[in-house]
Amino acid sequence: VAKDVETLKGVPEGLKYALRWDTPRPTGTAAEATRGSLYVELDRRPVWGDRIRGRPVGIPWTWIDLLEHLTKSWPKFMWEELEPLNLRVPVFRLRAEAQRRWHRRPQENAESEQRALLRFQTAHDLATALGGTDTPSLWVVREGERVILSAAGITRYRPFVEVRATLEALGSEIANRLDAVSDGRGIDARTGWQSRDAVPAETIVALATGLPREQLLLLSGNEQFGEFWGVEGIDPQPTPVLAAARMLGPDAPIAVLRHCLNWIRSVPRRVTVDLDGLATEAVRRVGIVKAKRPFVQGYALAEWFRAIPGIVTDEGRVDPERILKSLSVDVSVDDLGWTDIDAVACWSPDHGPAVRVNSGGRHAQGEAGRRTTIAHELCHLLSDRAASLPLAEVLGGRTPVVPEQRANAFAAELLLPRSIAGAAFPNGSAVEKQTESLKDRYGVSAEVVAWQALRSGLPLRKHVLASLRNYVTDKDAWDVAVKRS
Ligand SMILES: [Zn+2]
């Protein structure tokens with residue numbers, strides 16, 4: 001048993017696999033030479049195959065199919081971070097959520113969405129390599145410096161470099177098996193695998209942004225394409241321009257895209273030693289919050305941050321813009337010409353950290369919304385630069401769900417702690433007056449007051465809840481939260 005365990009390759013907390021060939025030496029065609037069984041586990045639990053009396057037993061197949069799949073999908077593993085419908089659900093729920101949506105939508109649109117989602121799943125679900133079998137889905141989707149792995153009801157975030165190395169080892173093990181095979185399929189599969197990283201700049205940018213090619217060409221204009229997008233040369237890496245374009249999305253007017261991307265390209269690099277030190281501690285703290293729900297992490301982070309002397313003024317107020325500036329972050333305000341987004345921010349080895357608040361943004365156009373927006377970006381700067389959002393963020397755009405929920409909770413708690421909001425409505429009279437006074441004193445919107453009061457967990461009377469509900473935009477979410485409280 002111990003010997004079998006040692007034959008597994010990979011990382012215990014992430015992907016591990018064991019490939020066992022049917023014959024000691026490869027013979028016959030490429031398909032025959034790669035016949036064997038593959039066992040895969042995710043965080044120590046079998047997802048392909050099973051353990052029988054402790055022994056890993058894999059799925060029998062001709063594994064050149066998987067090698068061809070890995071080669072074809074490689075650019076997507078490297079560059080495609082966002083599923084095409086932006087459904088904002090975990091990958092394993094994509095199909096179910098999409099079905100629900102198509103149920104409500106005109107058929108024409110649903111069909112094009114179906115094709116887009118199928119293309120995405122075909123690339124990112126390794127089980128599609130074994131077409132037509134009932135092999136469980138094994139999802140691989142990049143998110144910044146991490147990869148979401150999801151299979152058999154288990155979802156794990158693992159470092160991008162680790163997952164890439166594991167998939168490379170697996171692919172190379174199959175490719176090596178083809179060294180002595182001289183049929184056309186075997187040669188194609190081997191050479192294809194060797195050149196998996198040779199991807200044209202146009203393909204990289206299309207995958208990394210999810211924007212249509214015509215739009216991409218419009219944006220680069222007279223400039224050399226690869227240079228505009230920062231992907232020229234060998235071994236190109238993700239850039240803040242690519243990340244921001246993806247988050248702005250295909251619905252953003254071209255002028256807005258151009259404005260935001262050119263702003264990022266113009267932002268110089270800044271040294272932020274103090275911020276980086278706080279970020280190290282913030283990441284450590286997010287890691288030790290036992291409850292995994294992102295809003296719980298956001299609250300915990302805000303509580304820690306508020307306790308740092310100087311963050312909360314003597315009047316009990318927090319000024320996020322002053323804090324960011326004191327941490328050497330470039331904060332500016334500009335009308336970006338589109339109400340849907342409230343801010344764009346970038347941080348990379350070459351640009352920023354810098355935050356540009358949209359004075360025309362739906363929330364950021366008022367003072368309270370602007371403060372919340374900057375507090376939200378502060379959370380990303382503290383907790384997400386190392387993993388989820390290594391390059392940029394667009395508030396209101398197509399951003400990953402977990403860091404977004406965490407940053408929203410952090411922003412609310414930093415400006416108006418739940419304990420203060422909840423305690424402000426003790427006997428339930430004068431809800432409006434109390435709300436106004438909290439708004440003024442803490443510089444937040446009435447909506448933030450309402451949610452923070454509800455989430456305080458303190459008992460609130462029925463008519464207080466009914467009055468606070470008037471301030472809330474998403475009344476369904478409010479009703480659900482009230483029921484649970
Ligand atoms: Zn955000």
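First listed ligand is number 1; within each ligand, the first listed atom is number 1.
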Review point. For Leu336, does its backbone N or O pair with a side-chain atom of Asp334 as donor and acceptor, under 3.5 Å?
Key: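 Looks like no, no N/O pair under 3.5 Å.
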Review point. Are the side chain of Arg156 and the backbone of Leu42 linked by a donor-acceptor contact shorter than 3.5 Å?
Key: no
**Study point:** No-hydrogen, no-angle side-chain donor-acceptor test under 3.5 Å, Thr473 and Glu447
**Key:** yes
Point to revise | Cys379 N/O/S atom closer than 2.8 Å to the Zn ion (ligand 1) | key: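 No.
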Check your understanding: Is it true that some N/O/S atom of Glu404, main chain or side chain, lies under 2.8 Å from the Zn ion (ligand 1)?
Key ->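 For Glu404, the answer is yes, given that an N, O or S atom comes within less than 2.8 Å of the Zn ion (ligand 1).
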Practice item. Kindly give the atom name of the N, O or S atom of His380 closest to the Zn ion (ligand 1). Key: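 So the atom name we want here is NE2.
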Point to revise | Exercise: identify the closest heavy-atom pair between Glu404 and Glu393 | key: OE1-OE1, 3.5 Å
